[in-house]
Colleague: 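Handing you this structure, nothing more for now.
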Amino acid sequence: MAFPKLLVLGTGGTIAGAARSATGKSYGAGEVAIDAIVSEVARLGLDVELVAKTIARIGSQDIGWDQWDALHREIAAAQGDDSIAGIIVTHGTDTAEETAYLLDLTLAAGKPVVLVGAMRPTDAVGSDGMRNFANAVQVARDDRAAHRGVMVVMGDAVFAAPDVRKAATSNINAFRGFPRGPIALATPSSIDWFAPPHREGSSARFAWPEALPRVAILTAGAGMDAKPVEALLGIGCKGIVIAGMGQGNAPRVVLDALADAVRSGVPVVRSTRVDEGLVDRNVEVDDDANGFVASRALGPAKARMLLMMLIASGITDQERIQANFDRP
Ligand code: GLU
């Protein structure tokens, strides 16, 4: 019997990292070729055929348009290829949430698409890469993973793209989900789903754009003034996400400058620098009067991705932007 075929797209990260010491601290992300990783996985006896392709060999802090464009093209083609059962993307953990969410917004929901990374390089003692990869294989080949959009597999847990974020710098259980926690638990020998597929509709929510606009995240800090907002407008930002205090608050002078930005045609989304929780409209900040959008469940990194997609799709008015944040 033929084994299911999975496409593996390598981008780098710690899952492809090498330290050349089992106990050392420093290492290089993306140094191990995806073919080498895939041949190691093939030895695990997972009854699957893996076809590897290199997109990049970088730390995901350097990921951007070129890699996203290539990933989107390859995954969309694989989704239309009947011989491929699912797609795995190996990715650095720093920005896995951004890539996962961008792809989730722009790909059909049919075949499983799974991002997987690691917190420890391939040659570190207790490296988590092989296990996470084996878990990702379980998800990508599972029929029940279909129609769930893009997922991130880390530390035996499966997260949906709109929920997932990196919450610890080095712990192997570094990922959390909000508002939903893991949607499944996966190990190399088992997978347990906790809920039916949640994604609305199976077609892509946004067409893949020609380019993404410059949108900045500005973190609010006590005692700050309005100069950083002016600086962002000065470099031509097309949108601003404020990582505000608490429920997306910021000093009055900053909010006044952001309201000016909205009046000049630059959409402003209020998110939060707090780890978790909703940012709702019109709590302490008068969003109606200022023309702001409340990010609801999206933290700053994913709020920026959604705002970029909306602006790239020609959606710049407050009401329609808010409607999209109400449905992340
Ligand atoms: N900063 C690198 C990256 O995100 C390594 C971190 C990791 O993959 O865990 O690719």
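Just so you know, ligand 1 is whichever comes first in the structure, and atom 1 is the first atom listed for that ligand. Count residues from 1 along the sequence.
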Colleague: With a 4.5 Å cut-off on side-chain heavy-atom distances among I, L, V, M, F, W and Y, is there a chain of contacts connecting L50 to M130?
Modeller: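 Looking at the clustering, M130 is in the same group as L50.
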
Colleague: Can you hop from L255 to I242 via hydrophobic side chains spaced under 4.5 Å?
Modeller: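 Yes, L255 and I242 fall within the same hydrophobic cluster.
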
Colleague: Would you please write out the protein residues whose heavy atoms approach any atom of ligand 1 to under 4.0 angstrom, listed by chain and number?
Modeller: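 Answer by chain and number: G13, T14, Y27, G59, S60, Q61, G92, T93, D94, A118.
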
Colleague: Identify each donor-acceptor pair in which a side-chain atom of residues 107-122 lies under 3.5 Å from a protein atom, sequence neighbours left out, and give them as a table.
Modeller:
unit_1	atom_1	unit_2	atom_2	d
K111	NZ	A78	O	2.9
K111	NZ	Q79	O	3.2
K111	NZ	D81	O	2.6
K111	NZ	I84	O	2.8
R120	NH1	G126	O	2.9
T122	OG1	G17	O	2.6

Colleague: Can a salt bridge be assigned to the pair R131 and D156 using a cut-off of 4.0 Å between side-chain N and carboxylate O?
Modeller: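 Yes.
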
Colleague: Does Q61 have any side-chain contact (heavy atoms from CB on, under 4.5 Å) partners at least two apart in sequence or in another chain, and if so, which?
Modeller: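 Q61 satisfies side-chain contact (heavy atoms from CB on, under 4.5 Å) with D94 once adjacent residues are dropped.
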
Colleague: Using distance only, find each side-chain donor-acceptor pair of residues 277-289 under 3.5 Å and give its atom names and separation, not counting sequence neighbours.
Modeller:
unit_1	atom_1	unit_2	atom_2	d
D280	OD1	R296	NH1	2.2
R281	NH1	F292	O	3.0
R281	NH1	Q322	OE1	2.7
R281	NH2	D288	OD1	2.8
N282	OD1	D287	N	2.7
N282	OD1	D288	N	3.1
N282	ND2	D288	OD1	3.3
N282	ND2	D288	OD2	3.2
E284	OE2	N249	ND2	3.1
D286	OD1	D288	N	3.3
D286	OD1	A289	N	3.0
D287	OD1	R270	NE	2.8
D287	OD1	R270	NH2	3.3
D287	OD2	R270	NH2	2.7
D287	OD2	N282	N	2.7

